[in-house]
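Below you'll find the structure I mean.
So you know, we letter chains A, B, ... as the sequences are listed, proteins then strands, and number each from 1.
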Amino acid sequence: MQVIATRPEALTDVPFTYCPGCLHGVAHRLVAEAIDEHGLINKMMGVAPVGCSVFAYKFFNMDMAEAAHGRAPAVATGMKRARPDMHVFTYQGDGDLAAIGTAEIVHAANRGEHMSVFFVNNAIYGMTGGQMAPTTLPEMKTTTSPYGRKTDDVGFPIRVCELLDTLVAPYYIERVSLLSPADILKAKKAVSKAIKYNKEGRGFTFVELISTCPTNWGLDPLKSRDWAKEHMLPFFKPGCLRDKGAE
Amino acid sequence: MAKILMKGNEAVAEAAIRSGCRLYFAYPITPQSELIEYMARMMPKVNGVFLQAESEVAAINMVYGAAGCGKRVMTSSSSPGISLKMEGISYLAGAQLPCVIINVQRGGPGLGDIQPAQGDYFQATKGGGHGDYRLIVMAPSSVQEFADMASQAFDLADKYLNPVMILADGMLGQMMEPVEFKTPKTDAEIADMWLQHKSWCIQPNEDGDKKHHHEINSLEIDPVMLEKHVNKLYEKYAVIEKNELSFEKYNISDDNEILCVAWGTASRVVKSAINEVKAQGKSVGLIRPINVWPFPYEDLCKAIGPNVKKVYVFELNTGQMLDDVKIAVAGKVPVDFWGKVGGVVFTPAEIKEKLEQALKE
């Protein structure tokens with residue numbers, strides 16, 4: 001019998017805890033495959049966030065730290081400074097990174113901190129049950145914006161890639177999506193590039209992955225992807241904003 | 001080694017470096033600025049890490065990350081900044097990570113002022129952060145003791161896998177006194193320090209080894225498992241309460257008519273007053289808790305001599321350690337309190353007056 005697909009070495013065999021149709025599993029796999037691809041399994045350390053991927057510390061097959069909400073870039077900074085011989089990544093959602101952890105991500109990026117940040121944006125707080133996120137789209141209904149997000153009251157979604165692109169230090173910033181097989185292949189390349197630059201000691205690398213939340217959006221997985229393509233991608237445009245390695 | 005005249009803030013920083021601390025993360029705040037500035041100057045000279053964080057919140061989380069790698073790491077701040085660190089301190093305690101946190105206390109609440117105060121006793125010893133946890137809390141009363149506590153604090157943190165706080169104040173931070181330092185740890189000693197934590201800390205996987213998967217974590221979603229974890233912490237705290245009591249007895253005798261209790265800077269003023277009433281033939285003793293958690297309840301109770309009419313607590317707050325003293329005394333004799341707040345420090349003459357009044361009662 002020929003094995004044609006197997007679990008990446010960088011994932012444990014602990015079953016994921018995600019809802020049916022959730023794309024976190026795909027994102028986890030892309031990160032793990034990139035770690036395997038660049039041979040960093042024995043020298044990588046990771047930081048899990050608070051949110052749906054809070055148990056990421058169980059899923060990645062390396063030494064992991066579970067950070068307080070939003071603090072992953074600070075925790076990763078402490079780890080990398082203590083262990084400059086190792087490599088570090090954080091895996092964070094949009095509530096974690098773009099609301100409570102705004103200061104930590106901006107300053108880690110501004111220092112050019114040697115880490116890869118994988119930022120999963122699905123425009124909602126998933127784990128706590130579908131509340132408004134800093135990335136929630138205008139007029140989008142959530143449990144804390146039941147009449148739709150009113151921009152004259154709570155402002156507009158934050159485009160984190162564009163925000164970080166104003167800083168001098170970051171080495172690589174790209175936004176990709178996980179909404180189709182073709183998009184996933186593009187995402188795989190971006191994630192791999194971030195880990196490659198991390199291995200080479202280039203500095204701060206950031207990949208935003210546009211994702212869905214079928215459970216809290218109240219849509220089935222396929223309709224969720226269509227909804228994201230129609231509503232999220234025009235506002236969060238995929239593309240590479242910064243690649244100092246290509247210059 | 002010869003004594004050097006130094007500010008407390010600088011002395012404790014130097015002592016921390018000599019104890020093998022090579023990672024320091026902090027945010028500027030008065031009256032601890034000399035500490036962060038000393039680290040900024042000296043850490044590069046010993047190939048250590050100095051990083052000025054974007055906030056106290058970030059600094060304590062950087063400590064969490066570095067401590068998770070088993071390395072000696074420290075942060076420092078003053079009262080309002082320590083409040084910001086409380087989230088991270090709870091996580092550090094929950095994840096059982098060793099580290100040292102210095103609080104050079106100032107007046108509060110809120111922004112308060114920048115003068116010496118002892119208003120953070122409750123915060124340091126009774127929680128501050130969320131959840132059931134304890135910090136080991138050491139309270140120096142001189143620059144020498146402040147410096148000595150740096151190495152003791154790192155040793156305790158490593159021994160118990162628990163954060164340790166040194167609860168100083170603006171007086172100790174700013175005041176210059178002669179201080180003698182211990183011989184610095186060698187680079188080889190420092191390089192090997194993390195090995196005591198090899199069984200749990202973040203580290204590379206050596207090729208060929210059985211792969212490890214260490215988790216630095218305070219999350220346990222299963223209530224039965226979390227109950228086990230918290231009970232395990234409490235077993236540890238019980239051992240600390242048994243082993244790590246530390247207090248000073250000053251002028252304690254059967255002749256004592258009053259037993260004073262004071263900590264940190266306040267205790268120095270009380271000692272001066274005790275000496276003055278002693279010159280008038282009156283016997284007043286002092287118990288000075290050096291570690292304020294664990295608190296020496298039984299030893300304090302035992303120190304109440306047969307002629308003691310009153311236990312008198314003096315603090316630079318409105319009565320915080322007072323609660324622990326009342327628990328210790330357990331109604332055996334009356335407990336009285338006098339304090340100064342807002343960064344105003346009482347004088348020996350004021351304490352003497354209080355003692356003289358009490359002696360007449």
Part of A:Asp85 lying under 4.5 Å from any heavy atom of chain B = side chain
Interchain contact, A:Met64 with chain B, by part (heavy-atom threshold 4.5 Å) = both
Under a 4.5 Å heavy-atom cutoff, which of A:Thr77, A:Asn61, A:Val106, A:Val50 has the most pairs with chain B?
-> A:Asn61
Kindly write out the residues that satisfy side chain to side chain contact (heavy atoms under 4.5 Å, CB included) with A:Thr166, not counting sequence neighbours, or none if the list is empty.
-> none
Which pairs count as salt bridge (Lys or Arg N to Asp or Glu O under 4.0 Å) when at least one residue sits in residues 212-234 of chain B, sequence neighbours excluded?
-> none
Kindly confirm or rule out a cation-pi arrangement of A:Lys58 over A:Phe55, judged by NZ or CZ under 6.0 Å from the six-membered ring centre and within 45° of its axis?
-> yes
Answer yes or no for A:Arg83 and B:Trp194: cation-pi contact, defined as NZ/CZ to six-membered ring centre under 6.0 Å and angle to ring axis within 45°.
-> yes
Does A:Arg175 come within less than 4.0 Å of A:Glu162, counting only side-chain N to carboxylate O?
-> yes
Does a side-chain N-to-carboxylate-O contact under 4.0 Å join A:Glu104 and A:Arg71?
-> yes
Give the C-alpha distance, both sets of side-chain angles, the deciding distance and a yes or no for salt bridge (Lys or Arg N to Asp or Glu O under 4.0 Å) between B:Glu10 and B:Arg41.
-> CA-CA 11 Å; B:Glu10 297 191 330; B:Arg41 287 198 303 277; 3.3 Å; yes
Looking only at A:His87, A:Met44, A:Met62, the option with the highest number of non-hydrogen pairs under 4.5 Å against chain B is A:Met62
Side chain, backbone, both or neither of B:Ile60 within contact of chain A (heavy atoms, under 4.5 Å) = neither
Sorted by first residue and then second, give each salt bridge (Lys or Arg N to Asp or Glu O under 4.0 Å) pair with at least one member in residues 112-134 of chain A; sequence neighbours left out.
-> A:Arg81-A:Glu113, A:Arg111-A:Glu113
Please check if the distance between the ring centroids of A:Phe206 and A:Tyr172 is under 6.0 Å.
->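 Between A:Tyr172 and A:Phe206, which both carry aromatic rings, the centre distance is not below 6.0 Å.
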Contact residues of residues 18-29 of chain B (partner chain A; heavy-atom separation under 4.5 angstrom) |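 Expected list: B:Leu23, B:Phe25.
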Tell me, for B:Val49 versus chain A, whether the close heavy atoms (under 4.5 Å) come from the side chain, the backbone, both or neither.
-> side chain
